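Let me begin by presenting the structure, written as structure tokens, before commenting on it.
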Amino acid sequence: MQDSNLGRAGVNASEMELDNLIFDIAKGNKEAFACLYEKTKTSVYAYALSILKNSTIAEDIMQDTYVNIAKNEFPDGDARMPQAGFDNE
């Protein structure tokens with residue numbers, strides 16, 4: 001029985017959504033960047049924290065991740081960057 005959340009080739013819907021956001025960012029869609037940030041910031045922070053065991057450094061790594069994406073994809077500097085800091089949702 002196939003999982004109802006799985007799409008083509010066994011990829012779940014949320015992975016497909018993230019793939020679509022990444023493709024949209026590559027096309028210059030700044031709203032897709034903001035959406036990617038909102039959908040992934042908690043996971044990126046948690047992953048960094050699990051490795052670093054330091055919340056301040058994990059927060060810095062999380063921010064650096066998105067800053068680097070923005071610098072690479074929006075070299076004009078016009079991407080809407082998330083506010084500094086993590087709200088620990």
Side-chain angles (χ1 to χ4, degrees):
M1 186 168 150
Q2 189 176 19
D3 185 337
S4 62
N5 289 330
L6 295 180
R8 318 172 288 212
V11 177
N12 74 39
S14 63
E15 287 175 0
M16 289 173 54
E17 182 181 10
L18 292 177
D19 285 348
N20 288 336
L21 287 172
I22 291 166
F23 285 126
D24 288 346
I25 291 166
K27 293 177 188 175
N29 184 328
K30 294 168 185 161
E31 288 78 21
F33 173 72
C35 188
L36 179 73
Y37 173 77
E38 288 302 319
K39 289 184 177 297
T40 61
K41 67 181 179 180
T42 302
S43 296
V44 171
Y45 173 78
Y47 182 68
L49 184 60
S50 74
I51 293 169
L52 300 167
K53 310 292 189 231
N54 180 303
S55 61
T56 302
I57 296 172
E59 187 175 329
D60 288 344
I61 294 299
M62 180 197 68
Q63 284 297 118
D64 287 349
T65 298
Y66 297 104
V67 166
N68 284 323
I69 293 169
K71 282 182 181 177
N72 288 323
E73 296 303 325
F74 308 109
D76 61 357
D78 193 29
R80 280 190 271 148
M81 289 300 301
Q83 292 293 321
F86 187 68
D87 55 13
N88 291 322
E89 292 179 354

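Because the structure is predicted, anything quoted here is derived from the model rather than measured.
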Locate the shortest heavy-atom distance separating [X] from [Y]; write the atom from each residue and the value.
{"X": "N29", "Y": "F74", "value": "O-CZ, 3.8 Å"}
{"X": "T40", "Y": "L36", "value": "OG1-O, 2.6 Å"}
{"X": "I61", "Y": "A48", "value": "CG2-CB, 4.1 Å"}
{"X": "K41", "Y": "M62", "value": "O-SD, 3.5 Å"}

Separation of [Y] [atom2] from [X] [atom1] (nearest 0.5 Å):
{"X": "L18", "Y": "I25", "atom1": "CG", "atom2": "CD1", "result": "9.5 Å"}
{"X": "Q63", "Y": "N68", "atom1": "CD", "atom2": "CG", "result": "11.0 Å"}
{"X": "E59", "Y": "D64", "atom1": "CD", "atom2": "CG", "result": "11.0 Å"}
{"X": "Y37", "Y": "T65", "atom1": "OH", "atom2": "OG1", "result": "11.0 Å"}
{"X": "E73", "Y": "D24", "atom1": "CD", "atom2": "CG", "result": "11.5 Å"}

Same apolar cluster: V44 and F33, side chain cutoff 4.5 Å: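 Shared cluster, yes.
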Non-neighbouring partners of K71 that pass side chain to side chain donor-acceptor pair (under 3.5 Å), sequence neighbours left out: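 K71 satisfies side chain to side chain donor-acceptor pair (under 3.5 Å) with no residue once adjacent residues are dropped.
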